[in-house]
Number of protein chains: 2
Amino acid sequence: MVKQRDKSKKRNAIIEAAVHAFIEMGFDRASMDYIAEKAEASKRTVYNHFESKEVLFNAVIQHFVQQSIEEKQIPYQANVPLEAQLNKFAELKVGISTNQLKMNFMRMAFGVMITHPNIAAQVMENAGKNDDGLQAWLDDATADGRLIIEDTALASEVFWSMCSSAFFWMPMLQGELDASKAETLKKEFVATFLARYSK
Amino acid sequence: MVKQRDKSKKRNAIIEAAVHAFIEMGFDRASMDYIAEKAEASKRTVYNHFESKEVLFNAVIQHFVQQSIEEKQIPYQANVPLEAQLNKFAELKVGISTNQLKMNFMRMAFGVMITHPNIAAQVMENAGKNDDGLQAWLDDATADGRLIIEDTALASEVFWSMCSSAFFWMPMLQGELDASKAETLKKEFVATFLARYSK
DNA sequence: TCTTATTTACACTTTTTAGTGTAAATAAGA
DNA sequence: TCTTATTTACACTAAAAAGTGTAAATAAGA
């Protein structure tokens, strides 16, 4: 029988340090020595927990994904204006783009994935799909007779295309979006969507 | 008086080699030795032309931007259905996403820019704005009474948001888009846009 | 208090690559 | 043919970072 003590304290400290190191200086320039130092651990301990930098990176991504699974269900409400409800969906994306830490993390992650395709492959296995619940919402609204949509999956893509470009990709690659500009765009996106699909 | 001979042959060979090396293996893993070899030049000559790897990268971007300035004007035509004309604008984006070389180049460039913010800053100075001519087209169509648009700049953003997300950002980060899927989306984007802004 | 799982200190190897110095070779063009 | 601008060969330096081996120190928990 082998005694096991609790290693999770150090392990978490290392992951936490790695998260910040990767965000601050990117995957390549964040050395294992630096991460060890920030985690107040010896480099040897880092390697005892994670056999390579890539394994550590995967753990970091895992950690991030875990944290991001806060459910954000937006149920269909028959007695609330469609516009207001769609605004909430758009807000989801705006909200992410406003979260500096999250954006920095994702920017870093994309950079790594572009630069290191092998790591990207590993990460993609763990990265689930993006079920925002919009399609379900559209189904409900359509069933309720307030929207006319043949293909709710397609309509969902139209809406997310607009929002993602302005509220995610652009800020990701070109820096944060002005708040009032975001508001203007959000309004116009929702109006455009409703012009197409509402009764 | 100092005699000057023509160095451009070697210089171009080096840039050409660098373009392909950067695309193939990324900025970091494309060594100057490798680039020199592919350019059939000595490493010393590479450094005689470009004092550092960053300077070389800038020249490569410059080269790419230069090539990409093939004008793609789509003039407003009073006697052609709006849908057909908007389709052409959408095609511009689809066209880029289909160009494997261009996409690989841009993927690489973004990767570098995310990973090396200092290089990004330099590049951004040379990277002009994106005047697609859509806004001018919308102005004309509005003046002609076939569209009702208060803010054509905003409307232009709505259209490009939809197209960019599906035909640029997603393929850039997640690989090429299925052709029939692209067609479906294009149709829906144009229909949505017209539902909002046409008479 | 003891046992020993875990962590640390630290010296080490290996690999990779940017960038330089220089003398000799090459070749453009007068 | 001659001059010399350009290129080459190649041996360097310097730096950075991944990953390893090991003996000693530390501390959890029975």
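On a predicted model such as this, the values are computed, not experimentally measured, just so you know.
Residues from residues 19-30 of chain B lying near DNA chain C, meaning a heavy-atom separation below 4.0 Å, are B/A30 in numerical order. A heavy atom lying under 4.0 Å from DNA chain C marks the following residues of residues 37-44 of chain B, by number: B/K43, B/R44. For the contact set between residues 6-14 of chain B and DNA chain C, defined by any heavy atom under 4.0 Å, there are no members. A heavy atom lying under 4.0 Å from DNA chain D marks the following residues of residues 45-55 of chain A, by number: A/Y47, A/S52, A/K53.
No side-chain donor-acceptor contact under 3.5 Å links B/Q73 to the backbone of B/G133. In this structure, the side chain of A/E83 does not engage the main chain of A/V190 through any donor-acceptor pair within 3.5 Å.
Residues in residues 29-39 of chain A take part in these salt bridge (Lys or Arg N to Asp or Glu O under 4.0 Å) pairs, two or more places apart or across chains: A/D33-A/K43. Pairs engaging residues 45-55 of chain A under the salt bridge (Lys or Arg N to Asp or Glu O under 4.0 Å) rule: none recorded [sequence neighbours left out]. Evaluation of the side chain to side chain donor-acceptor pair (under 3.5 Å) test over residues 6-19 of chain A, restricted to residues two or more places apart or in two chains, returns A/D6-A/S8. Identified under the salt bridge (Lys or Arg N to Asp or Glu O under 4.0 Å) test for residues 165-176 of chain A, with sequence neighbours left out: none. Pairs engaging residues 141-155 of chain A under the salt bridge (Lys or Arg N to Asp or Glu O under 4.0 Å) rule: none recorded [sequence neighbours left out].
Closest to the side chain of A/M32, out of D/dA18, D/dA5, D/dA27, is D/dA18. For A/R5, whose side chain is taken as the heavy atoms from C-beta onward, the closest listed nucleotide among C/dA28, D/dG29, C/dA18 is D/dG29.
A/F57 and A/Y34 fall into different hydrophobic clusters, defined by Ile, Leu, Val, Met, Phe, Trp and Tyr side-chain heavy atoms under 4.5 Å apart, directly or through other members.
Closest approach of B/L177 and B/A166 over heavy atoms only: CD2-O, 3.7 Å.
The interatomic distance linking A/H116 (NE2) with D/dA18 (P) rounds to 11 Å, in whole Å.
Using cut-offs of 30° and 60° for the angle between ring planes, the A/F27 and A/H116 rings count as perpendicular.
Residues near A/I148 contribute nothing to a hydrophobic cluster around it, because no ILVMFWY side-chain heavy atom sits closer than 4.5 Å to its side chain.
For the strand DNA chain C, secondary-structure stems (runs of at least three Watson-Crick or G-U pairs, all distances below 3.5 Å) span C:1-30 with D:1-30.
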Problem - Residues A/F110, A/W169; criterion ring-ring contact (aromatic ring centres under 6.0 Å, His included); working and verdict - result: CA-CA 11 Å; A/F110 277 117; A/W169 298 112; 5.7 Å; yes
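In this structure, B/F22 has its ring center at least 6.0 angstrom away from the ring center of B/F64. You'll find the ring centres of B/F167 and B/F189 inside the 6.0 Å limit.
A search for salt bridge (charged side-chain N to carboxylate O under 4.0 Å, His left out) contacts involving A/K181 returns B/E157, not counting sequence neighbours.
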